[in-house]
Amino acid sequence: EVQLVESGGGFVQAGGSLRLSCAASGFTIDNYAIGWFRQAPGKEREGVSCLVGSGGSKYYADSVKGRFTISADNAKNTVFLQLNSLKPEDTAVYYCAAGGPGLSQYEYDYWGQGTQVTVSS
């Protein structure tokens with residue numbers, strides 16, 4: 001069965017970095033788009049980044065361009081999101097999802113459980 005498991009969240013000061021991982025099983029990530037989304041309390045789920053299939057096309061929300069980087073280790077069937085220059089407004093639960101492509105949550109079929117990222121000022 002399809003499973004996605006996020007890890008790597010935590011507490012960090014503004015300006016710091018985290019690396020989130022999304023370990024996939026039940027499918028090969030090369031054949032799907034993998035998206036990263038985030039949701040802060042009281043706010044809508046926001047598309048952050050996606051990696052589109054084996055072609056490796058990458059897309060980012062304007063709010064994270066230049067700070068976040070999506071990548072994949074195909075041998076490990078894992079997608080990463082490197083979060084640099086973190087800001088308090090980046091605080092959210094971060095989810096990975098499979099399906100896509102795009103930055104709309106409605107384009108994705110499978111979701112991980114989420115990992116909390118908290119950025120202090």
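It should be emphasised that the depicted structure is a prediction, and the values quoted were computed from it without experimental measurement.
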task: Answer with yes or no whether the hydrophobic clustering places Val12 together with Val48; edges join I, L, V, M, F, W, Y residues whose side-chain heavy atoms lie under 4.5 Å apart.
output: yes
message: Could you check whether any side-chain heavy atom of Tyr60 comes within less than 4.5 Å of a side-chain heavy atom of Thr69, counting everything from C-beta outward?
response: yes
- line: In this structure, CD1 of Ile34 is separated from CG of Leu4 (nearest 0.5 Å) by 6.0 Å
message: Tell me whether Gln3 contacts the main-chain N or O of Gly26 through its side chain, where contact means a donor paired with an acceptor under 3.5 Å.
response: no
query: Are side-chain heavy atoms of Tyr94 and Gln39 found at a separation under 4.5 Å?
result: no
message: What verdict does the side-chain contact (heavy atoms from CB on, under 4.5 Å) test give for Phe80 and Cys22, after you've listed the backbone C-alpha separation in whole Å, the side-chain angles of each residue and the deciding distance to 0.1 Å?
response: CA-CA 6 Å; Phe80 305 96; Cys22 174; over 6 Å; no
- prompt: Do Val117 and Val119 come within less than 4.5 Å of each other through their side chains, counting heavy atoms only?
  reply: yes
Co-membership, hydrophobic cluster, residues Tyr110 and Tyr32, 4.5 Å side-chain: yes
query: Same cluster or not: are Ile29 and Trp111 linked, directly or through other Ile, Leu, Val, Met, Phe, Trp or Tyr residues, by side-chain heavy atoms under 4.5 angstrom apart?
result: no
message: With no hydrogens and no angle check, just 3.5 Å: does a side-chain donor-acceptor pair link Gln116 and Thr118?
response: yes
field: NZ or CZ of Arg45 within 45° of Tyr95 ring axis and under 6.0 Å
entry: yes
query: According to a 4.5 Å side-chain heavy-atom criterion applied to Ile, Leu, Val, Met, Phe, Trp and Tyr, with indirect links allowed, do Trp36 and Phe27 form part of one hydrophobic cluster?
result: yes
task: Please report the shortest heavy-atom distance between Pro101 and Val52, naming the atom on each side.
output: CB-CG2, 3.8 Å
task: Over all heavy atoms of both residues, which pair between Gly100 and Ala33 is shortest? Give the atoms and the distance, please.
output: CA-CB, 4.0 Å
query: CG/Leu18 to CZ/Phe68 distance, rounded to the nearest 0.5 angstrom?
result: 9.0 Å
task: Mind checking the OG1-CG spacing from Thr115 to Leu20? Nearest 0.5 Å is all I need.
output: 6.0 Å
task: Starting at OG of Ser7, measure out to CZ of Arg19 and round the result to the nearest 0.5 Å.
output: 10.0 Å
- prompt: When you look at Leu83 and Arg38, which way does the side-chain contact (heavy atoms from CB on, under 4.5 Å) test go after all the steps?
  reply: CA-CA 12 Å; Leu83 289 65; Arg38 65 187 183 186; over 6 Å; no
task: Please step through side-chain contact (heavy atoms from CB on, under 4.5 Å) for the pair Asn74 and Lys76, ending with a clear verdict.
output: CA-CA 5 Å; Asn74 291 333; Lys76 297 180 179 178; over 6 Å; no
message: Can a donor-acceptor pair be found, under 3.5 Å and without considering hydrogens, that links the side chain of Asp90 to the backbone of Lys87?
response: yes
- line: In terms of heavy-atom contacts, Gly114 and Val93 come closest through CA-CG1, 3.8 Å
task: Quick one: closest heavy-atom pair of Ala14 and Ser121, and the distance?
output: CB-CA, 4.4 Å
message: In terms of relative ring orientation, are Tyr108 and Phe37 parallel, tilted or perpendicular, with 30° and 60° separating the classes?
response: perpendicular
- prompt: Closest heavy-atom contact between Asn84 and Ser17?
  reply: OD1-OG, 2.9 Å
query: How far does OG of Ser21 sit from CG of Asp73, to the nearest 0.5 angstrom?
result: 9.5 Å
message: Quick one about Ser63 and Glu46 (side-chain donor to acceptor, distance below 3.5 Å, no hydrogens or angles considered), yes or no?
response: yes
query: What distance do Leu81 atom CG and Cys50 atom SG have between them, rounded to the nearest 0.5 Å?
result: 11.5 Å
